[in-house]
Number of protein chains: 2
Amino acid sequence: MTGPTDPDDNPALDMASDNAAPSRRGFLRDGAALIGGAMLAGGLKGEASAAGADNLPPNIPEWMKAPGDPMGSQPYGTPSPFENGVVKNISKNLKQYISASGRSPLGDLDGIITPNGLFYERHHGGVPSIDPEQHRLMLHGLVDRPLIFTMEDIRRFPQESRIHFIECSGNPAYTKPYGKTASDVAGLLSCAEWTGVSLKLVLQEAGLRPEAKWIVAEGADAAALTRSIPIEKCLDDAMLVYSQNGERLRPQQGYPLRLLLPGFEGNMNVKWLRRLKAVTEPVYSREETSKYTDLMPDGTAREFTFYMEAKSIITRPSGGQKLKQQGFHEITGLAWSGHGKIKRVDVSVDDGNSWQQARLQEPVLTRALTRFRLPWRWDGQPAVIQSRAIDETDYVQPTFAELLAARGENSFYHNNAVQPWRIDAQGQVTNANA
Amino acid sequence: MTGPTDPDDNPALDMASDNAAPSRRGFLRDGAALIGGAMLAGGLKGEASAAGADNLPPNIPEWMKAPGDPMGSQPYGTPSPFENGVVKNISKNLKQYISASGRSPLGDLDGIITPNGLFYERHHGGVPSIDPEQHRLMLHGLVDRPLIFTMEDIRRFPQESRIHFIECSGNPAYTKPYGKTASDVAGLLSCAEWTGVSLKLVLQEAGLRPEAKWIVAEGADAAALTRSIPIEKCLDDAMLVYSQNGERLRPQQGYPLRLLLPGFEGNMNVKWLRRLKAVTEPVYSREETSKYTDLMPDGTAREFTFYMEAKSIITRPSGGQKLKQQGFHEITGLAWSGHGKIKRVDVSVDDGNSWQQARLQEPVLTRALTRFRLPWRWDGQPAVIQSRAIDETDYVQPTFAELLAARGENSFYHNNAVQPWRIDAQGQVTNANA
């Protein structure tokens, strides 16, 4: 394995080499067609037999010949019917009322914002339907002034808005067979702009006592999901959030109020939040004992594994997709770290023998998804592609072999291993771990 | 009118002064209750008669007593039924098939991202329903290689993702009576993360000739909306976009392909894009002659007014809302500029006599909405509040009187005047211009 090359100064990034990724500068300088598209003069004839040719100027497609849908048919808009296959990827193996999950379709998404309709969901007792007028948050325990808040009270506090990811710590569970698509293996991951109030401010309002070392958060779902949060996090960047990508939280994301703990495992971001209790010790709830802990090789339990460590995945090309032709393809994916900003993403197109540094889309935000991209020229030969993320702490995303060596065979959560995709000679992309 | 004060070092920001805005540092130091919420010990009894009290611990609300909605009932999620009043604000005065608009409900939104379901829309021939397999983009005129692109071709180009606002230049039309709400007066404005390909790259692919000075863009709607774009913009930050907040464009935003010209007036961001023609002169289409031009006092037409100049609006409190109690309220709103980043937002709470500098939510992005916030203590007396934006070019958002003096009575578009809101002694907020 060699070190990554700089994306601009890599001699391997040469258009003359079929298997190398052309640099953007390279292909612009070259002047040759990158993608193509049919040539209008020579190509139109050939194109004429293909679908869509009748829609070229000077011809008028059917949808220009009469007025389109009127305003008001969608006061709240929905996607095009042609996109009705882009939905959450819903687990068939979990009981739908007791413990269920729906994954974001990562292979179909661009950028870093997950639209609210496709945000991943995971719940343990179904999605409660809560009237925000009836909802209350109780803040008690080791505080000078125990308080009860209506949603209107919460919304009167000074606001903050921040873009953060949330990821389930079982994304994917590493002892089970791997899935087929990017959504199967990493779709319990989404990112949104959240708006709410700093938890620190609310705790100060109640007069948090110095002996309080943990905050116990309880959700108003049928599972009464409960987690203990270390006070340091509560006084750092934790928030009580009520809006997501501008509008109020969706029911599946905790409407009307959820806890947001940027970078912490998903279930700790307690949804439908009804209670915060300041205490001296964690409560060892179900979700921090029988669930969300890992049996280590020495027989101990790895518990309170709060942080989601650095991870990345190539989303295009990814499992289930197909490269329809040789030549230029951009490799793109997502990287993230619960510990802060992504510093670098390396991509290998030769089964891990060499690595190239991908470009990161600006702005790179802390504890948010970061989109990476690398130009690549596919020569039509089988290939294995993969990415590895490095965060601002210089932590490097491990291989699955490294995770196994450290945690053994009985671990379940916090699988942040490198995900390789195999491309066969027909361009079909499959999970190289399967 | 005095200059703005620094948000941290303003002696007027003193909790002792009823009418002044308390600084965040100030109220934290103070230790007194900022918002309140009912006190648990003393307050619970009073609270017990109010709605919601039965839902407080140790009581269990109804929605915790049985499993909630199962997974899979919403493969593509929708908002809570309790939010069904938060929809686009649809103009009653425009013919629904010919020329219609739906405004984002700015007073109900937080942060800077507009969710796709509430993104504003404006169209001149209805919303076409386009099969992306059938859609083609033709690029011709002064290029060496005229090209025809399928959507698959377009998606093979290297991607970029950027967060930008789009605003209609008739937001609001300034000769008409003003509306009642923030949505009425500024709701033809939204902001999203867009993904697509650099227009410069596509033009280079076709071999753009040096004599090309304009690109004519044509939409595939029944209005065949057509605009001429100066080549400088096309070679700067213009994009062909197909995704919006992660998923494919909504039909109302140009599915499957639109032009994005960051900071240019909305209609130039041609939706349902089917043709780009490189030419030497603008075409003087309907949308750049009889529409989207302004009659000046000297009888000339102000035409090709591309840039949306710096503007801001307070969205909370704003028209139609009500302050239910004296004391702390955060003033928050949006600022934006077609010329780049917002540098500063000033807020006045005394009818323009004095101004205080608001905090800007980071990251402040170029040609994107910027959320501003100012803490305020309302003393229960009538007040007029307003904001003014200053962008990185040091342009200052004008008053309506200044706009009138410069452009006269016959102007219609590009009203970026300061928007004042009146708060009466009962806390009711109305448009101070009405």
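Letters A, B, ... mirror the listed sequences (proteins, then strands); counts begin at 1.
Rounded to the nearest 0.5 Å, atoms CG (A:Asp69) and NE2 (B:His123) are 8.5 Å apart. To the nearest 0.5 Å, the span separating CE on B:Met64 from CD1 on A:Ile130 amounts to 8.5 Å. Taking CG of B:Leu118 as the start and CG of A:Asn116 as the end, the distance is 9.5 Å to the nearest 0.5 Å. Atom CD1 of A:Ile113 sits about 13.0 Å away from atom OG of B:Ser243, to the nearest 0.5 Å.
For A:Phe119, no part lies near chain B; criterion is any non-hydrogen pair under 4.5 Å. A:Pro363 touches chain B through its side chain: at least one heavy atom from C-beta onward sits under 4.5 Å away, while N, CA, C and O do not. With a 4.5 angstrom heavy-atom cutoff, A:Ala220 touches chain B via backbone and side-chain atoms both. Residue contact with chain B, scored on non-hydrogen atoms closer than 4.5 Å, involves the side chain of A:Leu365 exclusively. Looking at B:Ala66, only its backbone comes within 4.5 Å of chain A, counting heavy atoms on both sides. Proximity to chain A (any heavy atom under 4.5 Å) is restricted, for B:Thr195, to the side chain, taken from C-beta onward. Of the atoms belonging to A:Asp131, heavy atoms from both backbone and side chain fall under 4.5 Å from chain B.
For the pair B:Asn245 and A:Asn245, the minimum side-chain heavy-atom distance is 4.5 Å or more. Here the side chains of B:Gln159 and A:Thr332 are in contact, with some heavy-atom distance below 4.5 Å. Side-chain contact between A:Pro79 and B:Tyr76 is present, with at least one heavy-atom pair separated by less than 4.5 Å. Proximity of A:Glu62 to B:Gln134: side-chain heavy atoms (C-beta onward) are nowhere separated by under 4.5 Å. Contact annotation: the side chain of B:Arg274 approaches that of A:Pro61 to within less than 4.5 Å [non-hydrogen atoms, C-beta and beyond].
Your options are A:Trp194, A:Tyr242, A:Trp272, A:Trp63, and the one with the most heavy-atom pairs under 4.5 Å with chain B is A:Trp63. Highest contact tally toward chain B, considering only A:Val202, A:Leu249, A:Asp221, is held by A:Asp221 [criterion: heavy-atom pairs under 4.5 Å]. Here A:Pro115 is the residue among A:Cys191, A:Pro115, A:Pro128, A:Gly111 with the most heavy-atom pairs under 4.5 Å with chain B. Of all the listed residues (B:Gln244, B:Arg155, B:Glu362), the one sharing the greatest number of non-hydrogen pairs under 4.5 Å with chain A is B:Arg155. If you tally non-hydrogen atom pairs under 4.5 Å between each of B:Asp108, B:Leu109, B:Val127 and chain A, the highest count goes to B:Val127. Interface remark: of the candidates A:Arg122, A:Arg316, A:Gln253, A:Arg316 forms the most heavy-atom pairs closer than 4.5 Å to chain B. With chain B as the partner, the residue from A:Lys324, A:Arg275, A:Lys65, A:Glu330 showing the most heavy-atom pairs under 4.5 Å is A:Glu330. Ranked by non-hydrogen atom pairs under 4.5 Å with chain A, the options B:Pro132, B:Gly102, B:Ser104 are led by B:Pro132. Contact tally against chain B (heavy-atom pairs below 4.5 Å) for A:Arg371, A:His135, A:Glu121: the top residue is A:Glu121.
Take B:Tyr255 and apply the ring pair (Phe, Tyr, Trp, His ring centres under 6.0 Å) test, not counting sequence neighbours, and it matches no residue.
Across B:Arg373 and A:Ser161, no two heavy atoms sit closer than the pair NH2-OG, 2.8 Å. When every heavy atom of B:Leu56 is checked against every heavy atom of A:Met138, the shortest pair comes out as CD2-CB, 4.2 Å. Residues B:Ala222 and A:Pro67 share a closest heavy-atom pair of CB-CA, 3.8 Å.
Here the side chain of A:Arg162 pairs no donor or acceptor atom with the backbone of B:Gln361 at under 3.5 angstrom.
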**OP:** In sequence, state the C-alpha distance, the side-chain angles, and the governing distance for B:Phe328 and A:Arg156, and then conclude on side chain to side chain contact (heavy atoms under 4.5 Å, CB included).
**Re:** CA-CA 8 Å; B:Phe328 180 84; A:Arg156 280 189 63 214; 4.2 Å; yes
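With respect to A:Asp110, the side chain to side chain contact (heavy atoms under 4.5 Å, CB included) criterion is satisfied by exactly one of B:Glu247, B:Glu193, B:Arg248: B:Arg248.
No hydrogens or angles considered: a donor-acceptor pair under 3.5 Å links the side chains of A:Gln252 and B:Gln74.
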